[in-house]
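On a predicted model such as this, the values are computed, not experimentally measured, just so you know.
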Amino acid sequence: MAPLIVSSPLISFDPNRNKFDPPVLDVSYLFHDPNGDALSFTLVQEPDPLSGLTVGLWGHDLYLGGSPTIPASFTLRATDSQGLYTDLTSTLNFVPEPVSHGLIQSSGTLTQVDLNTYFTDRDNDPLSYTIDAMSSSGAIIASINGNILSISGIITSPFSLNIKARDGYGFSATNIIRF
């Protein structure tokens, strides 16, 4: 019988810190041979060189490097002593990133902001948003519905909101929105 895939790894790159999670992956835990045969591992598809991602396989350790700028994938092969194999393709996940903006000028009793313009996710994961912290500015109420931040009340002095964006894998980034 051919080797089986036991687990598909989540490999992420945080552009905010220029770090991989994990930076090194023991691929032997991703495969199992039902016959108990020893497995060897090869990289059968490298990531697109334009992606900025580099991967290297040394024995059963996969090393991740480079400075990825676009989504990329690569394929590992586990081969048993009889020549039977299985392939596992892994795609790099990007952590959300904050996008800088200037001070928001508001007038009236309702101000709405599209939070999708304050964050980006290079692999286009849907993001969810929460208010992490808020500096005081009198009698205002802040709420989020989907990607829209609503500020109700008259803003009488400068204040800021810390907004956290989270992707479906639990990775997050925080941005400060100033009014």
Side-chain angles (χ1 to χ4, degrees), residues 5-26 29-30 47-55 62-76 88-179:
I5 297 170
V6 175
S7 176
S8 185
L10 176 62
I11 299 171
S12 293
F13 179 70
D14 184 346
N16 308 303
R17 299 181 314 183
N18 200 33
K19 290 181 73 175
F20 288 93
D21 181 26
V24 179
L25 179 66
D26 181 351
Y29 293 105
L30 305 177
D48 183 333
L50 297 176
S51 72
L53 174 63
T54 59
V55 294
L62 179 71
Y63 293 87
L64 300 150
S67 293
T69 57
I70 59 173
S73 60
F74 54 90
T75 303
L76 295 167
L88 172 65
T89 298
S90 186
T91 301
L92 184 65
N93 177 62
F94 282 90
V95 171
E97 301 171 73
V99 176
S100 295
H101 283 280
L103 186 70
I104 295 174
Q105 299 296 325
S106 61
S107 61
T109 59
L110 179 63
T111 302
Q112 292 188 316
V113 177
D114 182 354
L115 295 174
N116 287 336
T117 64
Y118 282 79
F119 294 91
T120 187
D121 189 285
R122 295 183 192 190
D123 54 339
N124 297 316
D125 292 331
L127 300 176
S128 61
Y129 303 100
T130 56
I131 299 171
D132 241 12
M134 180 171 136
S135 68
S136 179
S137 178
I140 63 160
I141 297 171
S143 63
I144 297 174
N145 184 5
N147 62 302
I148 302 298
L149 168 67
S150 296
I151 306 294
S152 300
I154 297 174
I155 300 170
T156 58
S157 62
F159 80 101
S160 61
L161 291 168
N162 289 4
I163 304 294
K164 182 175 279 189
R166 187 177 310 276
D167 69 12
Y169 298 105
F171 293 99
S172 65
T174 300
N175 201 349
I176 300 171
I177 299 179
R178 291 176 169 73
F179 294 85

Is it true that the side chains of Thr89 and Thr75 contain a donor and an acceptor less than 3.5 Å apart? yes
Any residue meeting ring pair (Phe, Tyr, Trp, His ring centres under 6.0 Å) with Phe13, in chain and number order, not counting sequence neighbours: Phe20
Ile11 side chain near Asp21 side chain, heavy-atom distance below 4.5 Å: no
All N/O donor-acceptor pairs, side-chain side in residues 171-179, below 3.5 Å, sequence neighbours left out:
residue : atom : partner : partner atom : Å
Asn175  : ND2  : Val99   : O            : 2.9
Asn175  : ND2  : Tyr118  : O            : 2.8

Is any side-chain heavy atom of Ile131 closer than 4.5 Å to a side-chain heavy atom of Asn162? no
Could you tell me the separation between the CG atom of Leu110 and the CD1 atom of Ile141, rounded to the nearest 0.5 Å? 11.0 Å
Given Leu30, which partner from the list Ser7, Ser8, Ser90 fulfils the side-chain contact (heavy atoms from CB on, under 4.5 Å) test? Ser7
Do you see a donor-acceptor pair shorter than 3.5 Å between the side chains of Asn145 and Tyr129? no
Check whether any side-chain heavy atom of Asn18 sits under 4.5 Å from a side-chain heavy atom of Ser67, and report yes or no. yes
Can you establish whether the number of heavy atoms outside Leu103 located under 6.0 Å from its atom CG is more than 12? yes
To the nearest 0.5 Å, how far apart are OG1 in Thr111 and CD1 in Ile140? 9.0 Å
For Leu53 and Pro47 the tightest heavy-atom approach is O-CG, 3.5 Å
Compare every heavy atom of Ile151 with every heavy atom of Ile155, then report the nearest pair and how far apart it is. CD1-CG2, 4.0 Å
Take Tyr169 and Leu10, measure what side chain to side chain contact (heavy atoms under 4.5 Å, CB included) needs, and give me the verdict at the end. CA-CA 9 Å; Tyr169 298 105; Leu10 176 62; 3.7 Å; yes
Does the Asp123 side chain pair with the main chain of Phe94, one donor and one acceptor, at a distance under 3.5 Å? yes
Of the non-hydrogen atoms in Ser51 and Ile70, which two are nearest, and what is the gap between them? CA-CG1, 3.4 Å
Heavy-atom distance under 4.5 Å between the side chains of Asp167 and Val95, does that happen here? no
Main chain of Gly65, side chain of Thr54: is a donor-acceptor contact present, judged purely on distance under 3.5 Å? yes
Within the structure provided, determine whether Leu62 and Phe74 are in side-chain contact (heavy-atom separation under 4.5 Å). yes
Using 0.5 Å steps for rounding, measure from the CG atom of Leu92 to the OG atom of Ser73. 9.5 Å
Considering all heavy atoms, the nearest Leu127-Pro96 contact: CD2-CG, 3.6 Å
Salt-bridge contact Asp14-Lys19 (side-chain N to carboxylate O under 4.0 Å): no
Do Leu88 and Pro9 have side chains that approach each other closer than 4.5 Å (heavy atoms only, starting at C-beta)? yes
Without swapping roles, check the side chain of Thr130 against the backbone of Asp132 for a donor-acceptor pair under 3.5 Å. no
Are Ile163 and Val113 side-chain neighbours, meaning at least one heavy-atom pair lies under 4.5 Å? no
Nearest 0.5 angstrom please: Phe119 CZ to Lys164 NZ, how far? 10.0 Å
Determine, stepwise, if the pair Ser143 / Ser150 fulfils side chain to side chain donor-acceptor pair (under 3.5 Å). CA-CA 5 Å; Ser143 63; Ser150 296; 4.7 Å; no
Apply side chain to side chain contact (heavy atoms under 4.5 Å, CB included) to Leu149 and Leu161, showing your working. CA-CA 10 Å; Leu149 168 67; Leu161 291 168; 3.6 Å; yes
Can you list the steps and then say if Ile144 with Leu115 is a side chain to side chain contact (heavy atoms under 4.5 Å, CB included)? CA-CA 9 Å; Ile144 297 174; Leu115 295 174; 3.9 Å; yes
According to the side chain to side chain donor-acceptor pair (under 3.5 Å) rule, which pairs have a member within residues 94-104, sequence neighbours left out? Glu97-Arg122
